[in-house]
J.: 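Here it is, the structure, as structure tokens.
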Amino acid sequence: MARTRWSLLAGNFVIGCGVMVVGGTLNDLTKDLGITVATGGQLIAIAAVMMGLGAPILAGLISRIDRRVLLCWAMIWYGIGHALCAMAPSYPWLWPARALTVLAAAVFTPQAAAAMGYMSTPAHRGRAITFVFMGWSIASVVGMPMAAWIGERLGWRIAMWLIAASAAVVAWLVQRHVPTGIRPPALSWRSWRKVLTSPLLMAVVLVTACQSAGQYSLLAYAAPYYKYDFGATPEQISLMFAWFGSLALGGNLVLNRMVDRVGAAPAVTLTLGLMAISLLIWPLAHTLPALALVFIPWALSGFATNSGQQARLGGLSPRLAPALMALNTSAIYLGHAMGASGGGWVLSHHGYSQLHWLSLTWMMVALSLSGWAWSVQRRRDAALLQRSP
């Protein structure tokens, strides 16, 4: 189990690096391909739409496949796709290759979480799921800053090649350490109907979409934001990403330790509130050091929220976990698309300094939905307790 957990964490690390590589290398990518920053941001939106739509569709198509085989081939696909992206001669070649590549992310992240939930006992399910999802937080600490530095100094194509090589290594790890015979219950139409007709479950999924849109309204354009509004050097841009990622990892570690004790719903609601605080006081930051202080609450909560949402859904209905994990992953990536698209519009019409207001709006919607879902869950749990002998 330990080697399985670490292999899947490594897989999510590479997935996270690959998903975030465009944002980290956006300055060099737009310059090399001769496109605007807003157009480059649409690469994030295109990929996010593909992942968002692909996660639930593919979850139904591949539900009967052994998870070791499935996850291994997902990483191989991811590696080949990033190699093709690195060789793309122009934007019209790059965006279709990128769109197909990220389908592997739509498979790997939710199916890794569902597999860990399937293998874990109920008492440790939340911690097991958040552990493998922590690979995303580590990617924000190491992958995003390295992508930004490599993009500025060596070029975005080198960053793509490194992800391709890393995916090949993880495919080998998954093949070697993930046990065979892991097949969570197949997704039937009845399972999907239960999920889609549950106000509680769909509200929790919408929380994921809204908070993801709120984060990516700003994060999608962070590298050019640092450069053009604050005059940041390549090293300073990398340092800002590393600072944000370090805090995100720390927040995720704390959540991993407390989620089974305090409950996923209150933990998620707290993290949403912390992100809203950062976005509310955003105008106070006029220098990079001030900005680094302002986004501390956000950074501590950003990736912890996604991990907590995975654990929250896994605990609400373990039998429906494959469908819920797929929908939650879909919500994350569709949120990326909404955030990047909305942020691109704000950027084109009002500039970087107004992006945080859009982010705050999305975050307040997520916070309201989360609070409502938490209250419904408490009433449901109380009713079940009263009916039990």
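All values derive from a computational prediction rather than experimental measurement. Residue numbers run from 1 in the order of the sequence given.
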J.: According to side-chain hydrogen bond (donor to acceptor under 3.5 Å, both in side chains), who are the partners of Trp374, at least two apart in sequence or on a separate chain?
T.: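 Trp374 satisfies side-chain hydrogen bond (donor to acceptor under 3.5 Å, both in side chains) with no other residue.
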
J.: Determine whether Met364 and Leu272 make a side-chain contact, defined as any pair of heavy atoms from C-beta on separated by less than 4.5 Å.
T.: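 They are not in side-chain contact.
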
J.: List for me each residue that meets side-chain hydrogen bond (donor to acceptor under 3.5 Å, both in side chains) alongside Arg378, sequence neighbours excluded, and say none if there are none.
T.: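 Arg378 satisfies side-chain hydrogen bond (donor to acceptor under 3.5 Å, both in side chains) with no residue once adjacent residues are dropped.
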
J.: Do Leu196 and Leu327 come close enough that some side-chain heavy atom pair is under 4.5 Å?
T.: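 Contact flag for Leu196/Leu327 side chains = yes.
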
J.: Once side-chain hydrogen bond (donor to acceptor under 3.5 Å, both in side chains) is applied, do any residues pair with Thr305, and if so which ones, sequence neighbours excluded?
T.: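 Scan of Thr305 (side-chain hydrogen bond (donor to acceptor under 3.5 Å, both in side chains), adjacent residues dropped) gives Thr271.
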
J.: Can a donor-acceptor pair be found between the side chains of Gln309 and Arg312 at a distance below 3.5 Å?
T.: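 A donor-acceptor contact under 3.5 Å links the two side chains.
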
J.: According to ring pair (Phe, Tyr, Trp, His ring centres under 6.0 Å), does anything in residues 196-225 pair up with another residue at least two apart or in another chain? List the pairs.
T.: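 Those involving residues 196-225 are Tyr216-His336, Tyr225-Phe230, Tyr225-Tyr352.
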
J.: Mind jotting down which residue pairs meet the side-chain hydrogen bond (donor to acceptor under 3.5 Å, both in side chains) criterion with at least one end in residues 2-14? Sequence neighbours excluded, please.
T.: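 Applying side-chain hydrogen bond (donor to acceptor under 3.5 Å, both in side chains) to every pair that reaches into residues 2-14, excluding sequence neighbours, yields Asn12-Thr109.
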
J.: Applying salt bridge (charged side-chain N to carboxylate O under 4.0 Å, His left out) as the test, list every pair that has at least one member in residues 38-47; sequence neighbours left out.
T.: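 Matches after skipping sequence neighbours: none remain.
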
J.: Check ring-ring contact (aromatic ring centres under 6.0 Å, His included) between Phe13 and all other residues, then give those that pass, not counting sequence neighbours.
T.: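 Phe13 satisfies ring-ring contact (aromatic ring centres under 6.0 Å, His included) with no residue once adjacent residues are dropped.
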
J.: Among residues two or more places apart or on two chains, list those pairs meeting side-chain hydrogen bond (donor to acceptor under 3.5 Å, both in side chains) that have a residue in residues 78-105.
T.: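 Checked against side-chain hydrogen bond (donor to acceptor under 3.5 Å, both in side chains) - neighbours excluded - the pairs reaching residues 78-105 are His82-Arg98.
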
J.: Is Glu235 salt-bridged to Arg153, cutoff N-O under 4.0 Å?
T.: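 So Glu235 pairs with Arg153 through a salt bridge.
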
J.: Name all residues meeting the salt bridge (charged side-chain N to carboxylate O under 4.0 Å, His left out) criterion together with Asp32; count only those two or more places apart in sequence or in a different chain, and write none if there are none.
T.: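 Only Arg157 meet the salt bridge (charged side-chain N to carboxylate O under 4.0 Å, His left out) criterion with Asp32.
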
J.: Do Trp172 and Met75 have side-chain heavy atoms sitting under 4.5 Å apart?
T.: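 Side chain of Trp172 against side chain of Met75, heavy atoms only: no contact under 4.5 Å found.
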
J.: Does any non-hydrogen side-chain atom of Trp357 lie less than 4.5 Å from one of Val346?
T.: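 A side-chain contact under 4.5 Å is absent here.
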
J.: Side-chain contact test, heavy atoms from C-beta onward, threshold under 4.5 Å: evaluate it for Val178 versus Leu173 and give yes or no.
T.: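 When only atoms from C-beta onward are counted, Leu173 and Val178 do not touch, as no gap falls below 4.5 Å.
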
J.: Going by side-chain hydrogen bond (donor to acceptor under 3.5 Å, both in side chains), name the residues that satisfy it together with Ser198, two or more places apart in sequence or in a different chain.
T.: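 side-chain hydrogen bond (donor to acceptor under 3.5 Å, both in side chains) check on Ser198 returns nothing, list empty.
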
J.: Is a side-chain N or O of Arg68 found less than 3.5 angstrom from the main chain of Gln175, in a donor-acceptor match?
T.: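 Here the side-chain-to-backbone pair exists.
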
J.: Sequence neighbours excluded, which residues qualify as ring-ring contact (aromatic ring centres under 6.0 Å, His included) partners of His286?
T.: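 ring-ring contact (aromatic ring centres under 6.0 Å, His included) check on His286 returns nothing, list empty.
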
J.: Which residues satisfy the ring-ring contact (aromatic ring centres under 6.0 Å, His included) test with Trp298, sequence neighbours excluded?
T.: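 Listed in chain order: Phe244, Trp282.
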
